[in-house]
Structures are given as C-alpha cells and as structure tokens.
Engineer: 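The structure's right below; bear with me while I get my questions together.
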Amino acid sequence: MSRSTLPVAAALAGLIALPAAAEERVSGRYEILIGGLQVGVAGFEGRLSDEAYQASVSLRLSGVSRVIASGRGAASASGRIASGRAVPAAYQLNLTTTQQNDAIRMAMAGGSVRSHSAEPQRPDAPDQVPLTAAHRQGVLDPLSAGFFFVPGSGPLVSAEACAKTFPVFDGRQRYDLSFSYARTEPLKVAGYDGPAVVCNARYRPIAGHRPAVTAPMEANRDMQIWLAPVAGTRALVPARIAIRTPVGMAQIEPTRLDLGAPATTASVRE
C-alpha cells in the first residue's frame, strides 16, 4: 500500500470502541477494490460508550501489480470521550507489505503525544517538511479520527455530521482531514439497512511529508466517505470509502456491518 492511500485505510480503521457504562458493540467486514478488482479485505471490531472507546482493525492486501502491495496490517487505539470528541490514550500500528514496513507506538494524554516510536527509523529527505513538538499537540491518531460525533438531540444523519476537520498525527506525519456534506442516501448491507450521510473528504499535509510526494493526494477532489450511525450513541462511523488513485478508483466496500448489534469477530488475521 502506498503512503498516499494510508489516510484512507486510516479512515476505515476508526470504526471502534470500549466503555464503562452502557456500551454498543460494532464490527464489520470489507473488501478493498481498485478499479473494480479486489485487492484485499479488512475487518474491524470494538465497543463504544458515552465515556470511552477501544478500537482494532486488521487488513490483508493481495498485490496485483508493482503499484499495489501484498501484505498484512493491524492497528488498535483506545481513549476516552469528552465533550463529544475522542481523546486518545494509546495507538499502535504494525504494517508489513512488499513496499514498506511500519511499527508505530504512541502514548497520548489530553490530545498531545507524550511518547512515540516509529520503526524502522528513516533519514529525513532534503525536501521533507520538518516535524516539531508543536505538531504533536492537539492531535488525534488515525483510528480515533474515525469517530464523527454530533452534539445535541437532533438527527445524526445530517449535514452537521460532515462538518469536521481532524488534526491527525500518525507517528510519522501530521496532516488534516477535512469533510463537507455531499448528500444523504440509503445504505443496505448485511447487518445494516438505513440512511448514510456522504461527505466529501480532503487531505492537507502539515509536516513530516515530502511535498512532491503528497501533492497528488492534496489536489485530489474525488474522495468521499459514507457515515452510518451507531445505535444508542451520538456517533457515526465510516461505512464506505471511495477515492480516486492513479491506478483507478479505490473503494472500501462493506460486506457486513453491525453498528450497535452484538459484534462478531471480523479479524482477517485468522
């Protein structure tokens, strides 16, 4: 998987949670398509309450060209929920593909990264935008950025759900993910039959990136995410993702979603 597609995977990953009061279990399975051809599968599971969350996601890719990698990945995150937003406590990622390896660990508190490691270490490129301590303050990890909260008591599936900008630090790069309302439409898949709000998505790199590498992703206007509500909460999570890539439209399509129903294990590591 190329670095330019990591925000997409990251956005898929954020569908999860763990709590202390009444909790809702969530789980799902997905197929990953490039130009209509399946190149991988993904699964997530977790629990969500008004107070806390715990998330896990697994990914398996089957490369079909030099552009699409083969390999596996897994990530997890946990934290609390305060004032209608995720406040991360821990994040980790393990990714092993034919194109790259990554092992990321982060401990966080109050929206700031207290400690983190990224292996293997990589020397900075001459054109790389430097990361500073300030870029690790007031941020979300990629999984926690998958929760879309709507305050109040109005409809969850609404334009308000899309009106978000998430400041993300993934252990190597700092970037913003911004969303705006596109439309509302029905979504029917095993386990879920109901409305979804469709948001346009934008990626803006801040630091830790190489502008020549991230420029196509930043210029991409053909990215959308479908959000579905988690029963018993004020949260929506990504249910479907579409993004245009140099090798065709990439789609993360659900084959099953349980959003507030008893969760079943959806790991692809088995």
Side-chain angles (χ1 to χ4, degrees), residues 4-17 24 26-38 42 44 48 55 57 84-86 140 142-168 175-204 216-261:
S4 66
T5 62
L6 285 175
V8 178
L12 163 68
L15 312 179
I16 337 305
E24 296 295 341
V26 294
S27 66
R29 293 192 69 92
Y30 293 80
E31 60 178 356
I32 303 169
L33 308 170
I34 299 285
L37 178 66
Q38 187 185 87
F44 78 82
L48 172 67
V57 65
R85 60 183 292 268
L140 298 170
L143 296 194
S144 299
F147 292 102
F148 290 68
F149 293 97
V150 179
S153 58
L156 275 180
V157 182
S158 63
E160 186 179 2
C162 296
K164 313 287 184 188
T165 295
F166 295 134
V168 179
Y175 52 87
D176 283 347
L177 296 176
S178 299
F179 304 89
S180 60
Y181 178 75
R183 62 188 180 277
T184 300
E185 64 184 35
L187 175 67
K188 186 173 183 180
V189 62
Y192 181 80
D193 184 356
V197 58
V198 185
C199 310
N200 297 316
R202 292 291 306 278
Y203 163 82
R204 184 170 73 94
M217 186 74 169
E218 185 175 10
N220 196 334
R221 300 295 191 273
D222 201 356
M223 299 187 288
Q224 291 190 323
I225 184 170
W226 282 247
L227 302 176
V230 178
T233 76
R234 297 295 298 173
L236 300 94
V237 294
R240 181 176 183 263
I241 295 168
I243 175 171
R244 186 166 300 283
T245 76
V247 293
M249 183 63 72
Q251 296 168 281
I252 300 176
E253 295 284 351
T255 57
R256 182 171 185 88
L257 291 173
D258 292 297
L259 305 179

Engineer: Just so I know, are the side chains of Pro142 and Phe166 near enough to count as touching, which here means a heavy-atom distance under 4.5 Å?
Structural biologist: no
Engineer: Please find the pair of heavy atoms, one from Ala145 and one from Val168, that lie closest to each other, and give the distance.
Structural biologist: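 Between these two residues, the closest heavy atoms are CB-CG2, 3.9 Å.
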Engineer: For residues Val26 and Gly260, report the shortest heavy-atom separation together with the two atoms involved.
Structural biologist: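 Where Val26 meets Gly260 most closely, the heavy atoms are CG1-N, 4.0 Å.
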Engineer: Does the side-chain contact (heavy atoms from CB on, under 4.5 Å) test come out yes or no for Tyr192 and Leu187, once each step is laid out?
Structural biologist: CA-CA 7 Å; Tyr192 181 80; Leu187 175 67; 4.1 Å; yes
Engineer: Going from CZ on Arg202 to OG1 on Thr165, what distance comes out if it is rounded to the nearest 0.5 angstrom?
Structural biologist: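 Between atom CZ of Arg202 and atom OG1 of Thr165 there are 10.5 Å.
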Engineer: Applying salt bridge (Lys or Arg N to Asp or Glu O under 4.0 Å), which residue pairs with at least one partner in residues 221-246 are found, sequence neighbours left out?
Structural biologist: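 Only Asp222-Arg244, Arg240-Glu253 qualify under salt bridge (Lys or Arg N to Asp or Glu O under 4.0 Å).
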Engineer: Kindly compute the distance separating CG (Asn200) from CD1 (Ile225), expressed to the nearest 0.5 Å.
Structural biologist: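 Interatomic distance, Asn200 CG to Ile225 CD1, rounded to 0.5 Å: 11.0 Å.
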Engineer: List the steps and the verdict of side-chain contact (heavy atoms from CB on, under 4.5 Å) for Val230 and Phe148.
Structural biologist: CA-CA 10 Å; Val230 178; Phe148 290 68; over 6 Å; no
Engineer: So do Glu160 and Pro151 actually touch side chain to side chain, heavy atoms under 4.5 Å?
Structural biologist: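 Yes; the side chains approach each other to less than 4.5 Å.
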Engineer: Does the side chain of Ile243 come within less than 4.5 Å of Asn220's, by heavy atoms?
Structural biologist: yes
Engineer: Between the main-chain N or O of Leu177 and the side-chain N or O of Lys164, is there a donor-acceptor pair closer than 3.5 Å?
Structural biologist: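 Side chain of Lys164 to backbone of Leu177: no pair is present.
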Engineer: Provide the closest heavy-atom pair for Pro238 versus Tyr30 in the form atom of the first, atom of the second, distance.
Structural biologist: O-OH, 3.2 Å
Engineer: Could you tell me the separation between the CH2 atom of Trp226 and the CG atom of Leu236, rounded to the nearest 0.5 Å?
Structural biologist: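 Going from CH2 on Trp226 over to CG on Leu236, the span is 15.0 Å.
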Engineer: Show the nearest heavy-atom pair for residues Val197 and Cys162, with the distance to one decimal.
Structural biologist: CG2-SG, 3.6 Å
Engineer: What are the two closest heavy atoms between Ala86 and Ser144, and how far apart are they?
Structural biologist: CB-O, 4.0 Å
Engineer: Which distance, rounded to the nearest 0.5 Å, do you find between the CD1 of Ile32 and the CD of Gln38?
Structural biologist: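 Those atoms lie 8.5 Å apart.
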Engineer: Got a second to check how far Arg204's CZ is from Met217's CE, nearest 0.5 Å?
Structural biologist: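 One gets 14.5 Å once the value is rounded to the nearest 0.5 Å.
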Engineer: Enter the distance from Tyr181:OH to Leu227:CG here, rounded to the nearest 0.5 Å.
Structural biologist: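 Between atom OH of Tyr181 and atom CG of Leu227 there are 11.5 Å.
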Engineer: Side chains of Leu259 and Pro229: does their closest heavy-atom pair fall under 4.5 Å?
Structural biologist: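 Leu259 does not reach Pro229 side chain to side chain.
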Engineer: Does Arg29 offer a backbone N or O that forms a donor-acceptor pair with the side chain of Thr255 under 3.5 Å?
Structural biologist: yes
Engineer: What is the minimum heavy-atom distance between Ala228 and Ala239, and which atoms define it?
Structural biologist: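 Scanning both residues, the minimum pair turns out to be CB-CB, 4.0 Å.
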Engineer: Tell me the salt bridge (Lys or Arg N to Asp or Glu O under 4.0 Å) pairs involving residues 185-198, sequence neighbours left out?
Structural biologist: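 Qualifying pairs, neighbours excluded: Arg183-Glu185.
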